[in-house]
2 protein chains.
Amino acid sequence: MYTSRISKQTIKRLAIYYRYLEKLHKEGRRTVSSHEIGEELGLKASQVRKDLSYFGGFGKRGVGYEIRTLALKVSKILGLTRSWNVCIVGAGNLGRALLRFPGLKEKGFRIVSVFDKDSAKIGKPVERDLVVIDVKRLSEIVKAEQIEIGVITTPAADAQEVAELLSKSGVKGIINFAPARVSVPETASLEEIDISVAFSSVAFGIITSEEDSD
Amino acid sequence: MYTSRISKQTIKRLAIYYRYLEKLHKEGRRTVSSHEIGEELGLKASQVRKDLSYFGGFGKRGVGYEIRTLALKVSKILGLTRSWNVCIVGAGNLGRALLRFPGLKEKGFRIVSVFDKDSAKIGKPVERDLVVIDVKRLSEIVKAEQIEIGVITTPAADAQEVAELLSKSGVKGIINFAPARVSVPETASLEEIDISVAFSSVAFGIITSEEDSD
DNA sequence: GAGTGTGAACTATTTCACAGCT
DNA sequence: AGCTGTGAAATAGTTCACACTC
């Protein structure tokens with residue numbers, strides 16, 4: 001269907017539109033214009049319309065977009081109408097924080113297992129019905145539980161190895177929080193969330209804005 | 001100095017180069033070529049050279065880059081040669097995980113206080129020498145502790161309010177982990193780390209690669 | 001010979017501007 | 001009249017290609 005070249009940036013904006021549409025829907029609103037969406041999210045109205053137009057003409061000229069309909073269309077595009085089995089590799093602070101991160105379950109991302117290689121952690125409960133499993137059993141469990149998305153929250157040194165293990169086990173998408181870039185086969189979908197890079201980027205921004213004002 | 005228009009993407013790559021340079025340095029290596037950096041990080045050599053050239057000619061033709069010198073230059077550019085006082089707003093799971101996130105302290109990001117509005121959390125220790133402080137005291141403490149960077153790990157509904165409070169209190173840079181976009185004054189530096197958007201983006205990637213192979 | 005630094009060419013993304021529905 | 005959908009224009013970012021240095 002819409003399999004062609006849509007940029008990752010467009011997809012991320014779509015996910016942000018979706019969140020805003022849900023909010024409007026909860027407030028009882030029925031329609032919204034591209035101008036209003038852009039206003040709220042800090043984007044040009046034309047950007048919003050262009051992003052949506054890649055997937056079809058969802059709006060009504062002279063009116064705007066019907067919130068309920070558009071939210072449904074966008075959730076379909078983003079794969080939010082089905083559920084996804086997710087595993088977390090690395091039962092440290094960040095891994096455990098993600099177990100309770102708000103909004104994931106509601107969007108269909110179900111964290112069904114947590115792995116670690118540390119024998120002190122293996123077997124310990126991390127959530128009502130979850131216990132840390134030895135990473136040696138990852139492949140077996142990914143298959144048994146039909147896990148499609150793996151989240152890496154290990155130390156940097158283990159990230160590449162875990163990425164390969166996940167890919168080989170049949171995981172289709174990876175989200176990497178470890179402070180190291182990983183590479184995965186072309187066929188897998190990868191998202192890198194680089195926390196320490198974000199800090200450096202902010203620090204750079206502060207320095208340059210101070211220089212500008214000299 | 002190099003105050004002009006450098007893209008955020010270039011800065012983020014610089015932070016990634018820096019991490020790789022540190023690794024090479026620890027391994028005892030002395031020089032590296034743009035080709036090798038690109039190979040390791042999945043970028044074209046010309047991209048690496050272009051990024052570095054914005055800030056000066058750091059390399060030697062025929063030789064490459066002297067790792068120690070380049071690492072020092074890049075760390076200067078990114079503001080990693082000084083330290084930054086950071087506060088976290090929101091003492092939930094994610095906020096507490098960030099307190100121990102590896103590499104931040106080493107890069108000079110010192111988390112000096114943690115705030116929350118929940119009276120059940122206020123006063124409780126979160127780390128050796130840190131206790132959760134009432135967010136009402138944020139402005140006072142930001143000034144007293146000379147905090148320049150604020151990290152938002154509150155629920156989405158509180159994120160915009162906290163961003164404004166931080167800006168008004170004199171914080172120059174904000175990193176927002178809440179699943180909501182925030183807006184800050186032009187003068188402040190902002191980085192949004194949108195975890196649920198990353199999940200949606202990966203889900204979209206999986207769906208489209210499955211369609212492609214039909 | 002090897003590898004940088006950089007203008008020029010190319011590609012991707014954003015924004016404009018306006019025809020065309022409702 | 002209001003607001004979408006979309007080619008065309010403008011802008012931003014990447015990659016090429018090669019002169020130049022070590």
Side-chain angles (χ1 to χ4, degrees), chain A residues 2-17 20-21 24 29-71 73-74 77 181 201 204-205 208, chain B residues 2-17 20-21 24 29-71 73-74 77 181 201 204-205 208:
Chain A
Y2 37 72
T3 188
S4 50
R5 270 307 109 218
I6 304 291
S7 83
K8 210 169 230 187
Q9 295 171 86
T10 290
I11 297 307
K12 288 184 178 177
R13 283 191 300 262
L14 238 43
I16 295 165
Y17 302 158
Y20 180 50
L21 291 169
L24 290 176
R29 291 275 308 277
R30 307 201 61 82
T31 63
V32 66
S33 69
S34 61
H35 187 271
E36 190 177 352
I37 297 174
E39 180 79 1
E40 173 73 16
L41 302 173
L43 298 164
K44 290 269 192 299
S46 55
Q47 177 77 84
V48 175
R49 292 200 303 277
K50 183 68 93 178
D51 286 338
L52 295 173
S53 77
Y54 292 131
F55 299 94
F58 301 139
K60 275 201 178 60
R61 291 167 196 229
V63 179
Y65 301 88
E66 214 269 294
I67 291 166
R68 226 180 124 48
T69 316
L70 183 60
K73 293 278 187 189
V74 173
I77 293 164
R181 292 285 143 140
S201 173
F204 176 83
T208 49
Chain B
Y2 35 72
T3 187
S4 48
R5 271 304 109 216
I6 305 290
S7 83
K8 211 170 229 185
Q9 296 172 85
T10 290
I11 297 308
K12 289 184 177 175
R13 283 192 299 263
L14 239 43
I16 295 165
Y17 302 157
Y20 180 52
L21 291 168
L24 290 174
R29 290 276 308 277
R30 304 201 63 82
T31 62
V32 66
S33 69
S34 61
H35 186 272
E36 191 176 352
I37 297 174
E39 181 79 0
E40 174 73 17
L41 303 172
L43 299 164
K44 289 269 192 299
S46 56
Q47 177 78 84
V48 175
R49 292 201 301 280
K50 183 69 91 179
D51 286 338
L52 295 172
S53 78
Y54 291 132
F55 299 94
F58 300 140
K60 275 201 178 60
R61 292 167 196 230
V63 179
Y65 302 88
E66 216 269 295
I67 291 167
R68 226 181 126 45
T69 317
L70 183 59
K73 293 280 188 188
V74 173
I77 293 163
R181 292 284 144 140
S201 172
F204 175 83
T208 49

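Predicted, not measured: the structure shown is a model, and the values here were computed from it. Basis for what follows: all heavy atoms, side chains included, without hydrogens, waters or symmetry-related copies.
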Whole-Å gap separating P (C:dT13) and CG (A:L43): 15 Å

Smallest heavy-atom separation, B:R49 atom then B:S34 atom, equals NH1-OG, 3.1 Å

Considering only heavy atoms from C-beta outward, does the side chain of A:Y65 approach that of A:L21 to under 4.5 Å? no

Which whole-number value in Å describes the distance from B:D51 CG to D:dG13 P? 11 Å

Round to the nearest Å and state the distance from A:I6 atom CD1 to C:dT13 atom C1'. 12 Å

Could you grab the distance from atom CD of A:E39 to atom NZ of A:K44, nearest 0.5 Å is fine? 10.5 Å

Between A:R13 and B:F58, just flag the one whose closest nucleotide in DNA chain C comes earlier from the 5' side. B:F58

Close approaches to DNA chain C from residues 32-41 of chain B, in residue order (heavy atom, under 4.0 Å): B:S33, B:S34

Smallest separation among heavy atoms of A:S201 and B:K8, with atom names: OG-CG, 3.9 Å

Taking CD from A:E66 and P from D:dG2, how many angstroms apart are they, rounded to a whole number? 21 Å

Can you find a side chain N or O atom of B:Q9 that sits less than 4.0 Å from OP1 or OP2 on D:dT14? yes

Measure CD/B:Q47 against P/C:dA12 and give the value in whole Å, please. 14 Å

Hey, mind stepping through A:F55 and A:V74 against side chain to side chain contact (heavy atoms under 4.5 Å, CB included) and telling me if it holds? CA-CA 9 Å; A:F55 299 94; A:V74 173; over 6 Å; no

All heavy atoms of B:E66 vs all of B:R30, minimum pair found to be OE2-O, 3.4 Å

Starting from P on D:dT15, measure out to OH on B:Y54 and report it in whole angstrom. 12 Å

Verdict with supporting geometry, B:Y17 and B:E40, side chain to side chain contact (heavy atoms under 4.5 Å, CB included): CA-CA 10 Å; B:Y17 302 157; B:E40 174 73 17; over 6 Å; no

Going by heavy atoms in the side chains, are A:L43 and A:I37 under 4.5 Å from each other? no

Is there a side chain to side chain contact (heavy atoms under 4.5 Å, CB included) between A:L52 and A:L14? Walk through the geometry before answering. CA-CA 8 Å; A:L52 295 173; A:L14 238 43; 4.0 Å; yes

What does the B/S/- profile of nucleotides 16-22 of chain D look like, 5' to 3', with a 4.0 Å heavy-atom cutoff to protein? BB-BBBB

From CA spacing to verdict: side chain to side chain contact (heavy atoms under 4.5 Å, CB included), A:I77, B:F204: CA-CA 7 Å; A:I77 293 164; B:F204 175 83; 3.9 Å; yes

Determine to 10° how strongly the helix from C:dG1-D:dC22 to C:dT22-D:dA1 is bent, judged from the axes of its five-pair ends. 10°

Nearest-angstrom distance from the residue atom OH of A:Y65 to P of C:dC21: 16 Å

In terms of heavy-atom contacts, does CZ of A:R29 have more than 12 from other residues, nucleotides or ligands at under 6.0 Å? yes

Using atom NZ of A:K8 as one end and atom P of C:dT11 as the other, report the distance to the nearest whole Å. 22 Å

